[in-house]
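Lettering of chains follows the sequences in order, A, B, ..., and the numbering in each one begins at 1.
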There are 2 protein chains.
Amino acid sequence: MAEWKIAYDSWKPEEQPLREALCTLGNGNFATRGAAEESSADEKINYPGTYLAGGFNRLVSKVSGKDIENEDLVNWPNWLPLTFRHTGEEGWFELSQVEVTHYRQELDMYQGLLTRQIQFRDSQNRETHITSRRFLSMANPHVAALEWELTPQNWSGEIEVRSALDGRVKNSGVARYRSLASQHLVPLETGQHNDETIFLLTQTTQSHIRMAQVARTRVFVEPPSENYKRETKTGDKAYTEQLLRLSCKKQHPLRIEKVVMLYTSRDFAVSEIKQEACTNVSRLGSFSQLLHEHCRTWRHIWDRCDLEIASNHNAQRILRLHIFHLLQTVSGNTVDLDVGVPARGLHGEAYRGHIFWDELFIFPFLNLRLPELTRELLMYRYRRLPEARYAASQAGYRGAMFPWQSGSNGREESQVIHLNPESGNWLPDNTFLQRHINAAIAYNVWQYYQSTTDLEFLSFYGAEMIFDIAQFWSTIATYNEQKGRFEILHVVGPDEYHTEYPDSEEPGLRNNAYTNVMAAWVIRCALGIAKVLDNTRLEELYEKLHISADDRSRWEDISHKMFVPFIEDGSIIAQFEGYEQLQEFDWEKYKKKHGESMRLDRILESEGDNVNKYKASKQADVIMLFYLFSSEELLALFQSLGYELTEKDISANIDYYENRTSHGSTLSKIVHSWVLARSDRKRSWSNFLEALMSDVSDVQGGTTQEGIHLGAMAGTVDLLQRGYVGLDIRENVLWLNPALPVEVSYIKLQLRYRGHWLTLLLTHQKLLISVDKGFTKKVKIGLKGQVHTLQTGDKKEFEIS
Amino acid sequence: MAEWKIAYDSWKPEEQPLREALCTLGNGNFATRGAAEESSADEKINYPGTYLAGGFNRLVSKVSGKDIENEDLVNWPNWLPLTFRHTGEEGWFELSQVEVTHYRQELDMYQGLLTRQIQFRDSQNRETHITSRRFLSMANPHVAALEWELTPQNWSGEIEVRSALDGRVKNSGVARYRSLASQHLVPLETGQHNDETIFLLTQTTQSHIRMAQVARTRVFVEPPSENYKRETKTGDKAYTEQLLRLSCKKQHPLRIEKVVMLYTSRDFAVSEIKQEACTNVSRLGSFSQLLHEHCRTWRHIWDRCDLEIASNHNAQRILRLHIFHLLQTVSGNTVDLDVGVPARGLHGEAYRGHIFWDELFIFPFLNLRLPELTRELLMYRYRRLPEARYAASQAGYRGAMFPWQSGSNGREESQVIHLNPESGNWLPDNTFLQRHINAAIAYNVWQYYQSTTDLEFLSFYGAEMIFDIAQFWSTIATYNEQKGRFEILHVVGPDEYHTEYPDSEEPGLRNNAYTNVMAAWVIRCALGIAKVLDNTRLEELYEKLHISADDRSRWEDISHKMFVPFIEDGSIIAQFEGYEQLQEFDWEKYKKKHGESMRLDRILESEGDNVNKYKASKQADVIMLFYLFSSEELLALFQSLGYELTEKDISANIDYYENRTSHGSTLSKIVHSWVLARSDRKRSWSNFLEALMSDVSDVQGGTTQEGIHLGAMAGTVDLLQRGYVGLDIRENVLWLNPALPVEVSYIKLQLRYRGHWLTLLLTHQKLLISVDKGFTKKVKIGLKGQVHTLQTGDKKEFEIS
C-alpha cells in the first residue's frame, strides 16, 4: 500500500513546503488545505478555500480604481478549529509550546483520509498522544468530518475541548495578491441548533451567495460517561464555539468527533439552507459510518480511474496523487454546481479561481472513465454561450468567442496589465488574445462525443457550440489575396512569451500556426457534424445561429485554404508568421544563471530586454498540434489544407522547438514528453518524470504553494493513456498505437468506451484487451493498421513487435 | 391559422372566466396570467405566479400552529403595470371609466403572443385606440416584453405614461387558501439604473431566494422626437415607477416598449443578479427584434411538437392549447432550474406548486420530441433520492420512497388533514399513502431510456433510482404464508375515494391491484437492467445501495409471486382486496343531482356518509394498468405472475370500472378514453372530446381558475400518440397499433426515436412512415406482428386493414 500513501514526519510548516499539494482534501464542494489547522498552533495560516461561482475582481480593476468587485474564489468559513487545554490554564494547546516527541502526518489517497499522529510532553511533563483523522466526504458533498483520539499517557485530570466555526476567513494565500481585497464573506448569524450543534451563516460580499455551516461535536470517553459540561458561545456573528469540560483518565483514550455540514444558496434540492443543514446534520451517522461511506465511494472511483504503471514506486505514487487531485476537484459532487475546471484546483488562490483551457488536458481522462462529468463541464461552457456571443459581436465577429480567462458569468476576466515581480513594473498584458481557447472547447465537445456517441448531447448542446465557434473562426479569418489563403491576425498562441512583434505597437501576432490549424479543424468538424445531425435539428441550428448557405461555403473554402506559415524549406512549421526573423536565444547563458525552468519574459524585461525578440517559447505551441492529433489525423489535416507534411517532418519540428522552449509552463513538459514518445523514448520518459514532479517538487519555484497545477497533473495521466498506449478514436475505431518506455514493464488501465468497459494490459511484448458487457455488442479496435471487432466478453491478446 | 388562435371579444373579467387557461403566457421562468394587468382597470387581480424552489407550508402546519413556513409557489414581482392619463387629470386610465367601442384579445399559440385591441371613448369624448402585445421570451428565459401602440383618433394633447415594477404581490389566487400566509416576498431595494431603466430587488421570505427585475421603457413617437420628460420614483422599497410626459398628435400612433429582465439567485452563469440584470437589459434589442427571436424559437418547438389531427377545428385548436401550455411550463428554459413538473402549470396557485405524479402523463410526449427535458426532469427526482431514502428508512423500509406531494427539498408535503368545502369539516387525509408514485418514477426512467437508449444516463443515474425503488417495493412487500404470495398493505391507489376500509380504524388498503402489479413490474425492470449495465457500474450500485444476492433472489421471487386480487370468477381485477364487499353506488340519483363530474367524497361526507363504503372511484385505478402497458406487455406481466388474463378480460375490466367511476379527476377521462380506443372507438372519442374540454370548459367546476391541469392536458396529447397511433416500444422495436376514431380522417406527427426523426401520417387506410437521417442507420418498426427494418431516408407505406 506504500504507493497509496504520502507522509511527513515533521510538524513544522516550514518543513512541509508542499503540504498544499500533498495534503489537500477536497470533495468537489469544499476543500481543506494544509495539516495543522485544527490545532491552535497554526491558527494564522490560511484556511481552506474553494470555488464559488462569481467572477473575481480583475487585477486591473484595483489598479485603475474601477468599481468592479466580483469574487470567484472565496474561502469557506473554517470548520476545523478543534483544540484543548487543561482546565485552569490560560493558553490553548500549541504545538510550538510543547516538546513534540513523535509526529507523523499521512495522506491515504486510496481512502481520501488524512491522519496525523502527535505525541508530546508539555511544560508540566504531561505526555499526551493525539491521533487526528479527517476527510471531506466523497459520498456526501455537504459533509466534512474530523476525529481526535486523545490519550493521556501519564496523567489524569480535567480538560476543556473547544470546537468552533470560524467565518473570519480571508483570501490571503498568495503573497502578491495581499494588497487586493481579501475579505469576501459577510457574517450574518451564529447560533446553537441543539445541545451538540452550532451553526454559522455567512454571505459573499458581492455575489450574495449564502453559506450555512453546522458543526456537531460529540465526545466519547472510556468507560462511557455522559458526565461532561458543554457551553456554547454565539455572541459574535462571525465566530461560534462550544466548550466541553471533561475528565480524562491516564491511558484511557478520549474520542472527539466533529461532523460538519455545509450548504449554499446555490445548492439544488434545498429549501432554506440553515434549516437544511441543521435538519440533515442530525440525520448523519457516526464518524466511522461516514468514513465507511466515504471510503466506499473512493474505492469505486479508484476502481474506474486507477492506472497501474510498473516502474519505480514513486512514479506510481505521484501519478496517483495527480489522479487523486483531479478527482477531488472534479467529481460527481461538482455536477449541478455549474463550476468549470479551475486551473489551480479547489483550494489554490493563484489565478483567483479563474477558468482557462485546462479542460483540454483533463477531459481525455474523464471522457473514458466518468463521461457524465465531462458532459456537465461542457454544459458549463454551453451556459456561457450568450456571453461568448456578445463578446464576439463586440469584437466585430460572428458566432461565439469564449474568453481566455473567465469566472462566474463567463465574461473575459484576463488581466490587461500585470506585475513583473522581478522588476516591480506593471506591464501591458495581451495574453487575452489567446483565441485558441475556442478551438479547445470545440475539440472537447467532439472528443466527448467520440468517446460516448452521446448523440442527444451533441444535437441539443454540443453542435451549437461547435457551429458557433466555427462561425467565429470563419469571421475572424480574413482572405489574403496575395497569398490566395485565409489568415488570422492579431492573436496570441499558447506560448505567452510572444504576444506581439518586437518592433510593433500593435498587440498580437499574424497567423499563429497552432491557432490557424485548429481553426481549420473546428470548421471541418462543424461541416462533419452537419452530416451526423438529423435535419430537423440542423435546420433549427442554422436558423438560430444565422448560418447561411454562403457561410457554409465559406467554411468549405477556409477548410481547404487556411494559411499555415512555414520556415524556409517548408518542413518546419513557423510558430507564427515572421517567427524566422527573430533572434536565436542564448539558452546556455541563461540556463546557467536561472536554471532549467525560467520565466524568461520576466527576467529579460527586468534587464531592459524583451522576450518577444527571440526564438524562445514559454511552452509548447506548434508542438501542441502533435499532442492533440495522431500523426495520421494531422497529416491528413495538412494535406486537406494543401500542405505536404510527412512523419519525418514531425520529428524535425519537435527537435526544432524542443531546443527553443524554456518550459515556463507546467504543461509544456508533458506535451514535449508526449510528442517524443515515438521518436525518442528515452527523452520522453525523462520529460515525463520531470512533468510528474512539477508540483511535488514545485519546479516553477514557489507556485505550488499557491495551488496545484491541475492541467499538468491531468496531463501526466493522459500521457500514459494517449501517449504511451497511443489511444486515438478515429472513424468509429478505437486505435491503439503502443510505445511503452523501456523503463516501464507494464501499464494496466480500464476504459469506458461507448458504453463498454475495456481492460488494457500493455507490456513490451503483448497487449491484452478484455471487453466487459456493454449496450452495443461490438467494439472496433484498431492496431497497426488493422481493425479488429471484439465482442462483449472477449479477451484478446495482440503481439507487439 | 384559425386553429392557432384563441380570442375573446369581451374585456370584462367576469366574461373571461377562463382567461387563466386560455391566455396565460409562460417561458419556463416566469409566467403571466390573465389579460388586463397592464391597464390599471384591473390592478387588484392576482398577478403572475410561478415556481421557485422552496417547499410550501403544509396546510396542517397552519392549523396545528406549527412554525413551518416554506414556500413553493411564489408570485414574481409584477412587471406589467403600464398605463396613461391625460396631463392634468387625476385618475389613471381605467377600462371601467370609459366606453369601450371595440375589444379583442387574442392568444396566438404559434407565436406565443398575446394581443389586445381596445378602442374607447372617454368622458371628454376623446377616442383612443390601443393595441397591446406581450410575450415572455422563449428564446431568452430572462426576458419579458410588452408593447403599446396608442393612437389618438380625434384628439391631440399631452399625456403621462406610467411604467412600473411592483413587488407588493401576494399569493391570493385560490379563495380557500386566503387565510393562509400569502405574502412571500420581502422587498429589498428599488432604484434607477440609467435614464430608461429601473430595478426592483426582492427576496423570498423563507427560502431567501433573491430576485432582481429591471424594466427598460422606451417611447417612439411619429414623427420621431426625443422631446419628452421622464421622472423616476424609487422611494418605496417594493414599488418603483417611471413617469413619461409626452405630446400626442391626432392620428399619429405612439409606441411604448417595456422590456423586462428577471434574474434569481438560483440562476446559473451569473455573478451578482442586480448587476447582471442591468447589464444585460441594455444589451437587448428592440421589442420587434426580441419578438422575432421568440417567434423563431416557438416555431422550432412547434416544428417538433405539433400534432395534426384532421377532425373538427376546435379539437385541433384545443389540442394545440394543451401542447402550448405544456411547453410553456417545461422547456429548454427550465433545464438547470431544478424544478419538477408542477401539477397546475407555472401560474396556478392551487396545490401550492406541489409536484405529484403528473410526469407520468407528460413524459411520453417529451420523450419522443425533447428527450433532454425528460432527462433534466428525471434528474430533479435523482437529486431528491437522499430524502426519499431517508423517508423509506423512517417508515421502516429499505431503498427509496418518494413522496406523494413534494416541493423544493423533496420531503413529503401532503396535507394530513384537509377541508371539505361542502361540509366545512376538517378531515384526516391519507392520500399520502399513494406509494404508487414510486412506480411512476421508475416507469418514467425506463421509458426515457427506451426512447433514447441513453445508456450514460441509465448507468449513472437512472439505474440507481430504479434499483432503490425496487428495493423499496421489495421491503414494503410482505410474504403471506396462507396465500403463498407477496402482498402490499396500508397503501392507497390512484383512486383517492378509497383510502381506508369503511369499518377500519387503520389508514390504507390491502393489495391495491395497480400498486402491486406496478411494484412487480419495477422489480422485473430492475432485474432486466442488471443485464444491460456494465459489470463495473452494476457492482458499484449493488454495494452503494446495499443490494445483496439475497435481496436479488427476493426480487426474483416477488416478480413471480406478487398477489393480485380478483373479483369472484377471476376475470375482473379487484381494485384492492375486499373491494367486492363494498356496496354498489346509486349513480343515477347522484348524477342527476350533482352532474357528471362530481366530488363524491365531499358530497357524501357532508351527508354524513362515507365514499369508502361504495364501489365508486374518483378516477382510473385498475384501469391505469391498461393505460401504461400495451395489452401484449400486460398479459405477459400477468402471466409471469402466474395469473391468466386474456384480451377479452381487459374489455370486461374496462366496462366494469367505467361504470363505477365518477371522473372526479381530470386525468380519469383520458385514461378511460385511452383504454376504450380499441374496444369501443365511439365512446373513446367522446371521452377524448370531454377530456379535451377539461380546462377549457372548467369541467371540475371552478378549479381551472386556480390553475390549469397539466397532466390532463398532456394526457390528451399522449392519447393521440400512444392511444390512437398505438405507439409502444418493446424489445428494441417501435410498435405501432393504429386505431383511428372514425371522426378523425388523419393524424400526422413527428417523433424523435433513438436519434431518428420519424414522420408518421396515419389515415384509415394507410400509415406512411418517413425516416430522417439519424446516427444509427436502421430503425425497427413493428406493425401487426411484423417487424420492418427501415433505413435513414426511407419512406414506407403500410396498409391498415
Would you mind reporting whether [Y] and [X] have side-chain heavy atoms less than 4.5 Å apart?
X: Phe268(A); Y: Arg384(B); value: no
X: Glu540(B); Y: Asp303(A); value: no
X: Gln206(B); Y: Ser271(A); value: yes
X: Thr536(B); Y: Arg752(A); value: no
X: Arg210(A); Y: Arg210(B); value: no

Looking only at heavy atoms and a cut-off of under 4.5 Å, which of [options] has the most pairs with chain B?
options: Ser459(A), Pro371(A), Gly332(A), Ser265(A); value: Pro371(A)
options: Arg296(A), Glu539(A), Arg299(A), Lys531(A); value: Arg296(A)
options: Tyr390(A), Tyr461(A), Tyr380(A); value: Tyr390(A)
options: Asp336(A), Leu370(A), Thr452(A), Leu538(A); value: Asp336(A)
options: Gln750(A), Lys274(A), Arg537(A), Met379(A); value: Arg537(A)

Would you say Arg283(B) and Ser393(A) are linked by a side-chain donor-acceptor pair, where the criterion is simply a distance under 3.5 Å?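 Note: Ser393(A) and Arg283(B) side chains miss the donor-acceptor criterion.
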
Working to the nearest 0.5 Å, report the span between [atom1] of [X] and [atom2] of [Y].
X: His208(B); Y: Gln203(A); atom1: NE2; atom2: CD; result: 10.0 Å
X: Glu272(B); Y: Ile209(A); atom1: CD; atom2: CD1; result: 10.5 Å
X: Asp454(B); Y: Phe457(A); atom1: CG; atom2: CZ; result: 12.0 Å
X: Leu455(A); Y: His756(B); atom1: CG; atom2: NE2; result: 9.5 Å
X: Ile273(B); Y: Asn409(A); atom1: CD1; atom2: CG; result: 13.0 Å
X: Gln275(A); Y: Ser207(B); atom1: CD; atom2: OG; result: 12.5 Å

Checking the side chain of Asp338(B) only, and the main-chain atoms of Ala269(A) only, is there a donor and an acceptor separated by less than 3.5 Å?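 Such a contact is found between Asp338(B) side chain and Ala269(A) backbone.
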
Keeping Asp772(A) on the side-chain end and Asn535(B) on the backbone end, is there a donor-acceptor pair under 3.5 Å?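 The answer is yes, because a donor-acceptor pair under 3.5 Å joins these two groups.
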
What part of Glu293(A) gets closer than 4.5 Å to chain B, counting heavy atoms only: side chain, backbone, both or neither?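 Neither part; nothing is under 4.5 Å.
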
